[in-house]
> 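Got a structure for you, questions after.
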Amino acid sequence: MTAVLFDFSGTLFRIESADAWLRAVLADRGLTLPEPELTRTARALEAAGALPGGAHPLRVPEELAAVVEVRDESSELHRAAYTGLSRQVPLPDPGLHDALYDRHMRPCAWTPYPDAVEVLGALRERGIAVGVVSNIGWDLRPVFREHGLDRYVDAYVLSYEHGVRKPDPRLFAVACEALGVEPARALMVGDDRRADGGAAALGCGVHFVDHLPVAERPDALRAVLDLVR
C-alpha cells in the first residue's frame with residue numbers, strides 16, 4: 001500500500017455528546033433549562049438524529065426522507081436535513097436549531113481518537129500518502145488544523161464539494177487521483193461498512209473500525225500500520 005484513505009467522523013474524530021452539544025449552545029445563548037428537561041431534550045435530539053456525526057435517527061419523518069438521503073451532496077442539503085431533524089424536537093428558542101447546526105462545525109465540538117496523531121505521523125514517516133474521504137456538507141479542514149492533524153493530510157475529498165457521496169466509487173477515484181496512486185495500492189479506513197466499503201468496488205483495500213466514544217477506542221487505528229507494511 002502506498003496510500004491510506006481515512007473517513008472523518010467515527011474514524012479519526014468523534015463528535016461531542018448530544019448532551020454536551022446542547023449545553024454548549026444554551027450557554028452561548030445565555031439560556032438555561034432545568035436539568036431533567038435538558039437531559040430529556042438532549043436524548044430526544046439524539047433519537048431524532050439531529051446531531052451530525054452522532055446517532056442515526058430512530059425514524060426519519062416522511063417529509064424529510066428525500067433530503068436526508070442526499071444530505072451529503074451539498075452544504076444546503078446538509079443543513080436542511082439536520083435542522084429539519086432538529087425541529088422535530090421543541091426547543092425554547094426557534095433560533096437554537098440553526099445554532100445547534102453551527103455548533104457541530106466548530107473544531108471544539110470534535111475530539112481526535114487517542115491514536116490518530118500517532119498513526120498519521122507514522123504513515124508520514126513511512127512516506128505513505130494520506131487522504132480524507134468524507135460524506136459531509138461543510139469544510140472539515142479547520143477541524144484538522146485546530147487539532148494539529150492537517151500537516152499529515154495530503155488531500156481532502158469531501159462529498160459536498162463533488163456532489164457525490166460514498167459508497168459511489170467515483171469519490172474514492174477522485175481521492176486516488178489526487179494522491180497519484182492506483183486504487184489497488186490504497187487502503188480505505190472507515191467505520192461505515194456500506195459507505196466506506198464502496199472503495200472495494202474500485203479495487204481499494206478496506207479496513208473497518210468501530211464508531212465508539214473516544215474513551216472506549218484508544219488504539220483501534222494502530223492496526224492500519226500493520227496493514228501497510
Side-chain angles (χ1 to χ4, degrees), residues 1-15 52-53 69-79 81 105 107 110 112-113 115-209 211 220-229:
M1 296 294 178
T2 58
V4 180
L5 311 177
F6 287 96
D7 173 52
F8 167 55
S9 174
T11 300
L12 290 175
F13 284 84
R14 170 82 179 202
I15 189 67
E69 174 63 22
V70 297
R71 65 191 181 278
D72 297 315
E73 294 181 8
S74 77
S75 56
E76 294 80 11
L77 289 169
H78 198 266
R79 179 179 285 272
M105 295 186 287
W110 295 88
Y113 280 94
D115 54 346
V117 170
E118 171 195 341
V119 170
L120 292 176
L123 292 173
R124 174 53 56 91
E125 289 177 1
R126 295 182 188 182
I128 303 293
V130 169
V132 172
V133 185
S134 177
N135 280 353
I136 199 166
W138 50 277
D139 186 4
L140 52 71
R141 294 172 182 87
V143 177
F144 280 77
R145 287 196 293 269
E146 181 70 20
H147 291 279
L149 273 65
D150 179 66
R151 64 183 182 272
Y152 303 119
V153 180
D154 299 294
Y156 294 91
V157 178
L158 312 180
S159 62
Y160 84 102
E161 293 182 338
H162 298 276
V164 178
R165 57 196 163 93
K166 300 179 291 186
D168 193 317
R170 289 178 294 173
L171 201 64
F172 304 107
V174 170
C176 289
E177 183 176 354
L179 295 175
V181 300
E182 294 296 323
R185 302 298 301 277
L187 175 70
M188 177 66 205
V189 181
D191 68 294
D192 188 320
R193 281 158 174 74
R194 177 177 177 274
D196 299 313
L202 191 67
C204 299
V206 179
H207 176 71
F208 298 110
V209 293
H211 189 157
L221 291 171
R222 290 178 185 161
V224 172
L225 299 179
D226 293 326
L227 295 172
V228 296
R229 287 185 185 278

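These numbers come from the heavy atoms of this one structure, side chains and all, not from hydrogens, waters or symmetry mates.
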> E69 and R165: salt bridge (Lys or Arg N to Asp or Glu O under 4.0 Å), yes or no, with the steps?
CA-CA 10 Å; E69 174 63 22; R165 57 196 163 93; 3.4 Å; yes
> Any chance you could measure L225, atom CG, to I128, atom CD1, to the nearest 0.5 Å?
9.5 Å
> So do Y160 and D139 actually touch side chain to side chain, heavy atoms under 4.5 Å?
yes
> Under a 3.5 Å distance rule, please check whether H78 uses its side chain to pair with a backbone N or O of I136 as donor and acceptor.
no
> Can you confirm whether I15 sits close enough to P52 that some side-chain heavy atom of one is under 4.5 Å from a side-chain heavy atom of the other?
no
> Please report whether the ring centroid of F144 lies less than 6.0 Å from that of F13.
yes
> Nearest 0.5 Å please: distance from the CG atom of D115 over to the CZ atom of R222.
5.5 Å
> Is the ring pair F8/W110 parallel, tilted or perpendicular, if the boundaries are 30 and 60 degrees?
tilted
> Checking D72 now: which residues fulfil salt bridge (charged side-chain N to carboxylate O under 4.0 Å, His left out) with it, not counting sequence neighbours?
none
> Could you grab the distance from atom NE2 of H211 to atom OG of S9, nearest 0.5 Å is fine?
4.5 Å
> Taking all atoms of both residues into account, what is the closest heavy-atom pair of M1 and A184, and its distance?
SD-O, 4.0 Å
> Does any part of the side chain of F6, heavy atoms only, come nearer than 4.5 Å to the side chain of L221, both counted from C-beta?
yes
> Closer than 3.5 angstrom, by distance alone: can the side chain of D154 be matched with the main-chain N or O of V130 as a donor-acceptor pair?
yes
> What is the distance from atom CD of E73 to atom CG of D168, rounded to the nearest 0.5 Å?
9.0 Å
> Taking all atoms of both residues into account, what is the closest heavy-atom pair of V206 and L187, and its distance?
N-CD1, 3.7 Å
> Which heavy atom in N135 sits nearest to a heavy atom in A195, and how many Å separate them?
ND2-CB, 4.2 Å
> Do D7 and D192 touch side chain to side chain, with heavy atoms closer than 4.5 Å?
no
> Going by an N to O cut-off under 4.0 Å, is there a salt bridge joining D196 and K166?
yes
> Restricting to non-hydrogen atoms, name the atom on L5 and the atom on V133 that form the minimum distance, rounded to 0.1 Å.
CB-CG2, 4.0 Å
> Once side chain to side chain contact (heavy atoms under 4.5 Å, CB included) is applied, do any residues pair with A3, and if so which ones, sequence neighbours excluded?
A129, L179, V181, A186
> So R79 and M105, do their side chains get closer than 4.5 Å, heavy atoms only?
yes
> How many angstroms lie between atom CZ of R193 and atom CZ of F208, to the nearest 0.5 angstrom?
5.5 Å
> Which heavy atom of G198 sits nearest a heavy atom of P169, and at what distance?
O-CG, 4.4 Å
> Does atom CD of E182 have more than 12 heavy-atom neighbours from other groups under 6.0 Å away?
no
> Can you give me the closest heavy-atom contact between L158 and H162, atom names plus distance?
O-CD2, 3.2 Å
> Could you measure the distance from the CG atom of L140 to the CZ atom of R145? Nearest 0.5 Å is fine.
10.0 Å
